[in-house]
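Along the sequence shown, residues carry numbers from 1.
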Amino acid sequence: MAALRSPETGCSWDIAQTFETIIPYTIEEAYEVADAIERRDMQDLRDELGDLLLQVVFHARIAEEKGDFDFDGVVEAITQKMIRRHPHVFGDAKGLSADEVQAIWARIKSEEKSAKRAASQAAGETSHSGILEDVPLALPGLTRAIKLQTKASSVGFDWNDIRLVLDKIREETAEIEAALDLGELDAVQDALEDEIGDLLFAVANLARHAQIDPESAIRRSNAKFERRFGFIEQSLVRQGVPAGGATLDDMDALWNEAKAEENLRQAVRPPAQVK
């Protein structure tokens, strides 16, 4: 990376990059790691982990050029954090249960944030001390919704029954219908964006209560859509129907056929292979 960023002999594209410009690539590489894991493709996972590591090296190199920190500093920081947060491994707190370990982790993390906040205040910096302050803005929307909800839940702001979340989802869909009744789509865009956002937030809350990762769930549904739509395209090609030449009813029938075949294949799998 030092060679790629060299002003005299490096790559013009790499030299031009900043922390901000490579954010999309960093996020994309993390998603590609998740995709390789879900596909159980170990060779691809190895490659994608390398791509993700390159992003860490890239950011560290830019920071080193600015005199802020270097890659060794990144490794040292995470090493010290892991040692600090695992006193049951590196210290005297032995034989703890998983729940006790999680409680220690949360306590130490809270102490670290308090110390960081105190240092900032001592340096004359002002900071908000709310419970949601450390939920990063750059997270994917559904993931950030889960983290916000989890933080609020830690102080009792939460439903204690998943069915109440379903009621909230029904309420939000009713509000979308009400917004649609206000006029043409162009005239109600702002209202629709608000209400659809509220619906997505409620769906994320449902996923949290069901202990489902919403990002994983939507990736699974995306893959399902790709499979079934691919079946439609292949079937139409075999029938000699050109792209765009089939009716919605025809395509819907093929979609149902693809769904039925998938359900049949899953029904005959050995139980150990059913996800």
CD1 of Ile232 to CD of Gln234, rounded to nearest 0.5 Å, is 10.5 Å
*Ignoring hydrogens and angles, state whether a donor on the side chain of Gln80 or Glu76 is under 3.5 Å from an acceptor on the partner side chain.*
yes
Nearest heavy-atom approach of Arg144 to Pro136 is NE-O, 2.8 Å
Quiz item: Above 12 or not: heavy atoms from other molecules or residues under 6.0 Å from NZ of Lys66?
Solution: no
- Task: Using a 4.5 Å cut-off on heavy atoms from C-beta on, say whether the side chain of Leu139 contacts that of Lys147.
- Result: yes
NZ (Lys81) and CD1 (Ile108) are apart, to the nearest 0.5 Å, by 12.0 Å
- request: Ignoring hydrogens and angles, tell me if any N or O in the side chain of Thr79 forms a donor-acceptor pair with the backbone of Val75 under 3.5 Å.
  value: yes
Checklist entry - Would Leu4 and Tyr25 show up in the same hydrophobic cluster when neighbours are defined by side-chain heavy atoms closer than 4.5 Å? => result yes
message = If hydrophobic clusters are built by linking Ile, Leu, Val, Met, Phe, Trp and Tyr wherever their side-chain heavy atoms come under 4.5 Å apart, do Leu49 and Met42 end up in the same one?
response = yes
Check this for me, if you would: do Arg85 and Glu112 make a salt bridge, where the nitrogen-to-carboxylate-oxygen distance has to be below 4.0 angstrom? yes
Aromatic rings His86 and His88: how do their planes relate, parallel, tilted or perpendicular, breaks at 30° and 60°?
tilted
Pairing donors with acceptors under 3.5 angstrom, does anything connect the side chains of Asn222 and Arg219?
no
Heavy-atom side-chain contact between Glu172 and Val203 under 4.5 Å: no
Pairwise side-chain contact, Arg227 with Phe231, heavy-atom cut-off 4.5 Å (strictly under) | no
CG (Leu199) and CG (Asp194) are apart, to the nearest 0.5 Å, by 12.5 Å
Closest heavy-atom pair, Ile169 versus Leu206, reported as atoms and distance to 0.1 Å, is CD1-CD2, 3.7 Å
side-chain contact (heavy atoms from CB on, under 4.5 Å) filter on Glu65, not counting sequence neighbours, yields Arg5, Arg61
Only residue of Asp213, Asp158, Val165 satisfying side-chain contact (heavy atoms from CB on, under 4.5 Å) with Arg208 is Asp158
field: Side chain proximity check, Asp250 to Gln239, heavy atoms < 4.5 angstrom
entry: no
Quick note, ring-ring contact (aromatic ring centres under 6.0 Å, His included) partners involving residues 28-71, not counting sequence neighbours, are Phe19-His59
State, with a plain yes or no, whether a side-chain heavy atom of Glu262 is found less than 4.5 Å away from one of Gln266. no
Taking everything shown except Gln102 itself, do over 12 heavy atoms lie less than 6.0 Å from its CD? no
Sorted by chain and number, sequence neighbours left out, side-chain contact (heavy atoms from CB on, under 4.5 Å) with Val188 holds for Leu182, Leu192
- Message: What I'd like to find out is whether the side chain of Ile78 reaches to under 4.5 Å of the side chain of Met82, using heavy atoms alone.
- Response: yes
Distance col, row Glu233:CD vs Glu226:CD, nearest 0.5 angstrom, shows 10.5 Å
> So if you build clusters from Ile, Leu, Val, Met, Phe, Trp, Tyr with side-chain heavy-atom gaps below 4.5 Å, do Val237 and Leu254 land together?
Replying inline: no
What one should report as the nearest heavy-atom pair of Ser6 and Ile15 is O-CD1, 3.2 Å
Is the shortest side-chain heavy-atom distance between Thr150 and Ile146 below 4.5 Å?
yes
Check your understanding: When clusters are formed by joining ILVMFWY residues with side-chain heavy atoms under 4.5 Å apart, either directly or through shared neighbours, do Ile23 and Val33 land in the same one?
Key -> no
Taking the side chain from Gln149 and the backbone from Phe201, do they hold a donor-acceptor pair closer than 3.5 Å? yes
Distance col, row Asp51:CG vs Glu32:CD, nearest 0.5 angstrom, shows 7.0 Å
Minimal heavy-atom distance between Ala202 and Lys168, with the atoms involved, is CB-CG, 4.2 Å
> Quick one: do the Ser235 and Arg238 side chains pair a donor with an acceptor below 3.5 Å?
Replying inline: yes
Is it the case that atom CG in Asp181 sees more than 12 heavy atoms from other parts of the structure closer than 6.0 Å? yes
Using atom types as modelled and distance alone, determine if a side-chain donor or acceptor of Gln211 lies under 3.5 Å from a backbone N or O of Ala207. no
Distance col, row Ser216:OG vs Asp35:CG, nearest 0.5 angstrom, shows 10.5 Å
What one should report as the nearest heavy-atom pair of Glu215 and Leu142 is OE2-CB, 3.4 Å
Item checked: Single-linkage hydrophobic cluster Phe229~Ile218, side-chain heavy atoms < 4.5 angstrom -> no
| Does atom CD of Glu171 have more than 12 heavy-atom neighbours, drawn from other residues, nucleotides or ligands, at distances under 6.0 Å? | yes
Closest non-hydrogen atoms of Arg170 and Asp167, given as atom of the first, atom of the second and distance, are NH1-OD1, 2.8 Å
